[in-house]
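Note that the structure is a prediction, hence the values are computed from the model and not measured.
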Amino acid sequence: MPSPSVRRLTMAAISNSLSLKHSFSLSRAPPSSSSIKFKFRRCYAAFANENREYVIVGGGNAAGYAARTFVEHGMADGRLCIVTKEPYAPYERPALTKAYLFPPDKKPARLPGFHTCVGSGGERQTPGWYKENGIEMLYEDPVKDIDIEKHTLTTSSGKLLKYGSLVIATGCTASRFPEKIGGNLPGVHYIRDVGDADALILSLEKAKKVVVVGGGYIGMEVAAAAVGWKLDTTIIFPEDHLLQRLFTPSLARRYEELYQKNGVKILKGASIKNLEAGSNGHVAAVKLGDGSLVEADTVIIGIGAKPAVTPFERVGLNTEVGGIQVDGQFRTSTPGIFAVGDVAAFPLKIYNRISRVEHVDHARRSAQHCVKALLSAQTHTYDYLPYFYSRIFEYEGSPRKVWWQFFGDNVGETVEIGNFDPKISTFWIESGKLKGVLLESGSPEEFQLLPKLARSQPLIDKAKLQNATSVEEALEIARESLQGEAAV
């Protein structure tokens, strides 16, 4: 543990260059009940004034994993404050468009069941966990202003916080339809937090006709959940096929057929002119660009998200990928300020480009890497391998549960193997190297192979891969290519 002299450092003296680079033990004995009482006394005394040694702004997944890393390094108790606009402790947000939307008879997920960090097999960090570890939580009080020179934050309630080191973990906000075309009508929903999901569930309980706008992750997962409620469901999107930023046309067709078998209508290549209200002011229909109407009493908009950078624009934004620009340690250009998760524009080392990744895996890993760099002698650059997944139709009684994973970069030519019965796999090959791989309905061992392939990018025989008669055979060819690279 650091000496009392370290604890008495003034907040303004702490910066990225100093970062309190002491070596702290990663293993701590569970506190006794008496030590917990001591923690509360010390926490309240430490926070009697406006000074905070460490502040995390944002209450999502990244904030929860950052908090755990502070605890592991012995630097949370009486030193850490989390400022969030939500009324809940950090939770695993992917649940909101998956199990949280299941009908009541199909065992829907609810808090505290999916508080961070259960999504990665860690301890469930309920509100009590934060109290026990001496972490100050400011709920429903988002930051509205920052003074970089004075190292101060002002919250919506007017609270003034002076920080030593600041971690921005504000994530994203849902992209919305403009109010003038009906984006705020009753019955129109967006999903980013528990409150949004609760409001949608109330609508689904009374709904008959549901329209999901958007053919990406949110659209696909919400439409699958609506099927569980046995509702008349339509997906509308402007692209040529589902999940166009990742799926190939051939792969997308397989999933589109699966949705259609479950009764979902798909309108692709369609533009939306506006959302129309009924006589009661509630949404009643979606008007398409060609003038046709699709009846709906519930509309869910899933057209993407925008990084929540307000009020941190002065910290330094990236105009190409959005978000706050950081280096491989998640340091911004302003000393003492870091950014992690969805909001961070970071160097994607493996592909030598600046990226912003909206995914729970990156939120977890970036938060942990950032805090370790801040608190210890860790200096290596964040080396992230892009990873995406989805789980749909997983509720009880579903004729087929779907789970796919993708690792790597979807560039180059593609080879598709399998008949989606249930397995299918797509390989992306560029300049003879395997750059990315997607697998549907794989075994645990097969899924574990994917990141190894994507990170190593082995040379692979495309013709041999194309002649594979099964997903298992194709993966074995890829595994042999990986072993061949190791031998060389």
Less than 4.0 angstrom from a charged side-chain N to a carboxylate O is my criterion; do [X] and [Y] meet it?
| X | Y | answer |
| --- | --- | --- |
| Glu476 | Arg479 | yes |
| Lys261 | Glu257 | no |
| Asp383 | Arg455 | yes |
| Arg124 | Glu92 | no |
| Lys265 | Asp232 | yes |
| Lys208 | Glu295 | no |
| Lys423 | Glu446 | yes |
| Glu256 | Lys268 | yes |
| Glu320 | Arg356 | no |
| Lys107 | Glu396 | yes |
| Arg331 | Asp327 | yes |
| Arg110 | Asp198 | no |

Q) Only one of Phe70, Phe338, Phe330 clears side chain to side chain contact (heavy atoms under 4.5 Å, CB included) with Val371; which? A) Phe70
(Q) Here's a test for you: under side chain to side chain contact (heavy atoms under 4.5 Å, CB included), which of Thr426, Leu465, Ile460 qualifies with Val415? (A)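 So the option named by the test is Leu465.
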Quick check: closest heavy atoms across [X] and [Y], and the distance to 0.1 Å?
| X | Y | answer |
| --- | --- | --- |
| Gln325 | Asn318 | OE1-ND2, 2.5 Å |
| Ala63 | Gly58 | CB-O, 3.0 Å |
| Val357 | His362 | O-CD2, 3.2 Å |
| Ala66 | Ile56 | CB-CD1, 3.7 Å |
| Pro307 | Val343 | CB-CG2, 4.2 Å |
| Ile392 | Ala224 | CB-CB, 3.8 Å |

**Q.** Face-on cation placement of Arg400 at Phe420 ring, 6.0 Å and 45° thresholds
**A.** yes
Any [X] side-chain heavy atom under 4.5 Å of [Y] side chain:
| X | Y | answer |
| --- | --- | --- |
| Gln466 | Ile417 | no |
| Asp193 | Arg93 | yes |
| Phe427 | Leu439 | no |
| Leu251 | Ile424 | yes |
| Glu416 | Arg254 | yes |
| Ser425 | Val437 | yes |
| Val211 | Thr298 | no |
| Leu348 | Ile354 | no |

Exceeds 12 heavy-atom contacts within 6.0 angstrom, atom [atom1] of [X]:
| X | atom1 | value |
| --- | --- | --- |
| Arg245 | CZ | no |
| Lys106 | NZ | yes |
| Glu313 | CD | yes |
| Asp105 | CG | yes |

Could you tell me whether the side chains of [X] and [Y] share a donor-acceptor contact shorter than 3.5 Å?
| X | Y | value |
| --- | --- | --- |
| Asp361 | Tyr384 | yes |
| Gln125 | Tyr130 | yes |
| Glu440 | Tyr255 | yes |
| Asp141 | Ser156 | no |
| His189 | Ser203 | yes |
| Ser120 | Tyr65 | yes |

Approximate separation, where rounding is to 0.5 Å, of [X] [atom1] and [Y] [atom2]:
| X | Y | atom1 | atom2 | answer |
| --- | --- | --- | --- | --- |
| Arg192 | Arg176 | CZ | CZ | 12.0 Å |
| Leu385 | Lys349 | CG | NZ | 13.0 Å |
| Gln457 | Leu434 | CD | CG | 8.5 Å |
| Cys172 | Asp342 | SG | CG | 4.0 Å |
| Leu153 | Ile146 | CG | CD1 | 5.0 Å |
| Ser481 | Leu459 | OG | CG | 8.0 Å |

Measuring centre to centre across the rings, with the benzene-like ring taken for any Trp, is [X] within less than 6.0 Å of [Y]?
| X | Y | answer |
| --- | --- | --- |
| Phe177 | Tyr190 | no |
| Phe388 | Trp404 | no |
| Phe393 | Tyr259 | yes |
| Trp229 | Tyr395 | no |
| Tyr88 | His115 | no |

Q.
Applying side-chain contact (heavy atoms from CB on, under 4.5 Å) to Ile82 and Tyr139, what does each step give before you reach the verdict?
A. CA-CA 8 Å; Ile82 298 178; Tyr139 294 107; over 6 Å; no
Is [X] reaching over with its side chain to a backbone N or O of [Y], donor-acceptor style, under 3.5 angstrom?
| X | Y | result |
| --- | --- | --- |
| Ser333 | Val315 | yes |
| Asp409 | Val411 | no |
| Tyr100 | Val194 | no |

Q.
The test is side-chain contact (heavy atoms from CB on, under 4.5 Å); show your working for Val294 and Leu288 and say whether it passes.
A. CA-CA 8 Å; Val294 181; Leu288 302 182; 4.2 Å; yes
(Q) Applying the ring-ring contact (aromatic ring centres under 6.0 Å, His included) criterion to Phe406, which one of Phe247, Trp428, Tyr387 satisfies it? (A) Trp428
Q.
Please determine whether side-chain contact (heavy atoms from CB on, under 4.5 Å) holds for the pair Leu96 and Asp196, giving the CA-CA distance in whole Å, both sets of side-chain angles, and the decisive distance to 0.1 Å.
A. CA-CA 9 Å; Leu96 298 179; Asp196 294 336; over 6 Å; no
Q) Where do Asn184 and Val188 land on the side-chain contact (heavy atoms from CB on, under 4.5 Å) test, with the steps shown first? A) CA-CA 6 Å; Asn184 294 340; Val188 177; over 6 Å; no
